[in-house]
Amino acid sequence: MLFLSCARRRHAARSRTLPATAAYCPMKRTHTCNALRRDQVGQEVTLVGWVDVRRDHGGIQFIDLRDREGITQILFTNEDAELSQQADRIRPESVIEVTGTVRARGESEVNAKLPTGEIEVVARQLTIHNVAETPPFPLDDDKANKVNEDLRLQYRFLDLRRPNMYRNLRVRSKAAKAMRDYLDSQEFLEIETPSLFKSTPEGAREFLVPSRLNPGKFYALNQSPQQYKQMLMVAGVERYYQLARCFRDEDLRADRQPEFTQIDIEMSFIDREDMYATMEGLMKRIWKDVLGVDLQTPFPRMSYFEAMNRYGVDKPDTRFGLTFEDFTEAFKNSSFKVFKTIANSGDGAIKAMKVPELADLTQGEHRDLENTAKNFGAKGLAFIRIDESGEWKSPIVKFFSDEEKAALQERLDIQPGDLVLFSAAEWERACTILGRVRLECAKLLVKREKLELSASQYNFLWVIEFPLMLHDEEQGRYVAAHHPFTAPVPEDVELLDSDPKAVRGQHYDLVLNGWEIGGGSIRIHQPELQKKVFEDVLQIPKDVVQERFGYMLNAFRYGAPPHGGIAFGFDRMITLMTGATSIREVIAFPKTQKGQDLMADAPTTATPRQLRDLHIETVELDEEADAE
RNA sequence: GGGGUAGUAGCUCAGUUGGUUAGAGCGCCUGCCUGUCACGCAGGAGGCCGCGGGUUCAAGUCCCGUCUAUCCCGCCA
């Protein structure tokens, strides 16, 4: 079991060793560097590993020998001159093998910081397997965490030697194991599906792969195994899962990589409730097996509408409040024209959020909040600061009537020292603006130590009842909010023709501490309905539907079971489980924001020969051609 | 495509209003040291101040451009 405390990021950075794992006795050694205790005193042992640090005292020297399990102190004395001289040559990160005798340390010599700190190994024989050059950056976790990430990525093989990074890899491995154990126990089949799929230009940009055997034609790397897994349901597999590698050629973020891993799941003969229960069981098992944490199930649920309306985002972090109240009605007759106009504009909304104890924010902080609001389309950020005497300080409050003030006071429960922030715009935008401001306010409260956001508090939340369609202003048509295979909520099906926007989908997202870690839906399994969604609602031309999805519609004519599924972002999940700040920390060899592998130096140019075989020509685009 | 931040020794950083020979800690090298575990002590080496251009008597410092990393917006059905 791994121990992850509240402030575990800091603690983990300090601890130089991991807790002991089950003993294993590989090859050249008799023990790992985290195996020896008082019980083994007197035994002759052989250890192998990397030199963590060497402390030379002249006639005596110590070496901290490190392997992935931990650190053991090796003692060299000058009794054996040859051995002592040999040890003089040792440099940090060299790989050595030591045979010697386990000895108990004297009382004043015990190192309480090391699990092996009560003993040391007195060296009798030393083999230097590999002499290391001086590493380009310190491998000490505390220091290495600050090193430029590009350097760490270039020397990833060194970076991964650090206990922090090894721990992340191990959490990831254990989580995968727990997942397989659980899904296997529930009779799921692990099935691999192709990475080379066909191009489906709707949705995420894809990586294209030229086909040598089919000149001028291309595969696309799959964005997810969505269509294959639905075919597996038609094939009668009933329960499928896969730790699936997915590819999307979109711009990167701290939580996005061009290739990433999903826990991909699909089940037949289920409804949403079955899905929630099964997946809650999966999370429970993973958290228990890997972190020793007991999750409370069932997870709370929230509608998309409430998430937006109260938190301003479809993936609310429910570890803290700062929820919104709606004052659209209250300001319908206001003498504050900005609010009045929006309150009466049909889909306009006036939202307010009370931030306790933030009336002391600085001018700079206020400006940053305002810029955040403006970035998301706000004209400004209306506010009220309540000073210690309870007086409302604000440029707008003079426009408010007594009734309006009373409404604010009552519904926000305003106290001295509080800050109240407003957003006024079309409902969705008003919510989004305040949602972003909410997150910034939370950061300010954390900075003031008035709010604690513990990484070891796991607030899971199902967000449900998403709209099936969103109207795309640019394209002037409806687009699928999730993907076009999501089934409508049964009672909303009749609205498909009359009011597509009002149709709710049987879609669900699993949210953890403000991160979307999974999403899925009950799928459409009737060819007529699927065809209707493609052609009538999404208005994809018939020939395009046939070309792209013809085989699916065809398959659904041959006995398609009702089915549904979900996919979890495995990298994101592990990021949250380890308390890491970016998914790059839990991926062995991640890519930079420009999609480069700095260690192997990919991508590279191709040789003319390669290009010829693939029937591809590269052309220089001049600026004019580029502009077209 | 756009906005923010960063780039000075191997690493992390400081460098004032533009002004002498660019500094610190760690690391590295040499020597000393028998109980250290952030060992200690003494000495030493190490710099295209990201790159290119400009302003100036004078640029690490000011201006323009550019590259790289990172965070965010757009994008991610």
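Quick note on labels: first sequence line is chain A, next is B, and so on, each numbered from 1.
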Query raised in the report: Given the rule in the salt bridge (charged side-chain N to carboxylate O under 4.0 Å, His left out) test, do A:E428 and A:K501 qualify, once you have shown the distances and angles that lead to the verdict?
Result: CA-CA 14 Å; A:E428 190 179 333; A:K501 213 172 164 179; over 6 Å; no
[X] side-chain proximity, nearest of [options]:
| X | options | result |
| --- | --- | --- |
| A:K143 | B:C39, B:C26, B:A69 | B:C26 |
| A:R55 | B:C75, B:A69, B:C37 | B:C37 |
| A:R436 | B:C37, B:C73, B:C71 | B:C73 |
| A:R105 | B:U68, B:U36, B:C72 | B:U36 |
| A:E109 | B:G35, B:U34, B:C28 | B:G35 |
| A:A254 | B:C76, B:C72, B:C37 | B:C72 |
| A:L75 | B:A38, B:C71, B:G35 | B:G35 |
| A:S582 | B:U70, B:C71, B:U34 | B:C71 |

Does [N] have a Watson-Crick or wobble partner in any strand here, with both distances under 3.5 angstrom, and which is it?
| N | answer |
| --- | --- |
| B:A69 | B:U5 |
| B:U21 | none |
| B:C26 | B:G10 |
| B:G60 | none |
| B:C32 | B:G40 |
| B:G46 | none |

Would you tell me if any nitrogen or oxygen in the side chain of [X] comes within less than 4.0 Å of OP1 or OP2 on [N]?
| X | N | result |
| --- | --- | --- |
| A:T592 | B:A69 | yes |
| A:R253 | B:G74 | no |
| A:R584 | B:C71 | yes |

For the [atom1] atoms, the ones on [N] and on [M], what distance do you get once it is rounded to whole angstrom?
| N | M | atom1 | answer |
| --- | --- | --- | --- |
| B:G18 | B:U61 | C1' | 6 Å |
| B:G3 | B:C39 | C1' | 49 Å |
| B:U56 | B:C49 | P | 22 Å |
| B:G31 | B:C71 | C1' | 48 Å |
| B:A9 | B:A22 | P | 14 Å |
| B:G7 | B:G15 | P | 10 Å |
| B:G47 | B:C11 | C1' | 14 Å |
| B:A42 | B:G54 | P | 48 Å |

Query raised in the report: In a check of side chain to side chain donor-acceptor pair (under 3.5 Å) between A:R523 and each of A:Q530, A:H483, A:Q230, which one passes?
Result: A:H483
Report task. Tell me whether A:H57 is stacked on the nucleobase of B:U36, counting only the six-membered base ring and applying the 5.5 Å and 30° thresholds. Result -> no
Query - Donor-acceptor pair under 3.5 Å, A:R256 side chain vs B:G74 base - result: no
Report task. Mark yes or no for a side-chain to base donor-acceptor pair under 3.5 Å between A:E120 and B:G35, with no hydrogen or angle criteria applied. Result ->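 Donor-acceptor pair under 3.5 Å: yes.
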What does [X] touch in the nucleic acid at a heavy-atom separation under 4.0 angstrom: a base, only the sugar-phosphate, or nothing?
| X | answer |
| --- | --- |
| A:D249 | nothing |
| A:V479 | nothing |
| A:R91 | sugar-phosphate |
| A:A144 | nothing |

Query raised in the report: Is a side-chain donor or acceptor of A:T116 paired with a backbone partner of A:N34 at a separation under 3.5 angstrom?
Result: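 Not at all, since once roles are kept as given, no pair shorter than 3.5 Å links the two residues.
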Query raised in the report: So, does A:D67 use its side chain to make a donor-acceptor pair with the main chain of A:E69 at under 3.5 Å?
Result: yes
**Report entry** Validation row: A:T193, A:M231 side chains within 4.5 angstrom (heavy atoms)
**Finding:**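 A side-chain contact under 4.5 Å is absent here.
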Requested in this report: Report yes if the side chains of A:Q223 and A:T200 come closer than 4.5 Å at any heavy-atom pair, otherwise no.
Outcome: yes
Query raised in the report: Would you say the ring centroid of A:F485 lies under 6.0 angstrom from that of A:F549?
Result: yes
Tell me: [atom1] of [X] to [atom2] of [N], nearest whole Å?
| X | N | atom1 | atom2 | result |
| --- | --- | --- | --- | --- |
| A:D251 | B:G74 | CG | C1' | 8 Å |
| A:E250 | B:C73 | CD | P | 14 Å |
| A:L252 | B:A69 | CG | C1' | 13 Å |
| A:R54 | B:U30 | CZ | C1' | 13 Å |
| A:Q73 | B:A38 | CD | P | 11 Å |
| A:D150 | B:A69 | CG | P | 7 Å |
| A:R152 | B:U12 | CZ | P | 11 Å |
| A:F76 | B:G35 | CZ | P | 18 Å |

Query raised in the report: Want to settle it: does A:V110 or A:N78 sit nearer the 5' end of RNA chain B, counting the closest nucleotide to each?
Result: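 Residue closer to the 5' terminus by nearest nucleotide: A:N78.
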Query - Contact nearer the 5' end of RNA chain B, comparing A:S224 with A:Q593 - result: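 On the 5' side of the pair lies A:Q593.
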Report task. Kindly determine whether A:Q73 and A:R55 satisfy side-chain hydrogen bond (donor to acceptor under 3.5 Å, both in side chains), including the steps that lead there. Result -> CA-CA 10 Å; A:Q73 174 166 287; A:R55 292 178 294 278; 2.9 Å; yes
**Report entry** Basic-acidic side-chain contact under 4.0 Å: A:E516, A:K315
**Finding:**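 Salt bridge between A:E516 and A:K315, a charged N being under 4.0 Å from a carboxylate O: no.
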Could you go over nucleotides 3-10 of chain B and give all protein N or O partners under 3.5 Å, atom names and distances?
| unit_1 | atom_1 | unit_2 | atom_2 | d |
| --- | --- | --- | --- | --- |
| B:G10 | O2' | A:P136 | O | 2.5 |

Query raised in the report: With no hydrogens and no angle check, do the side chains of A:N111 and A:R105 hold a donor and an acceptor under 3.5 Å apart?
Result: no
Query - Parallel, tilted or perpendicular: rings of A:F247 and A:F207 (30°, 60°) - result: perpendicular
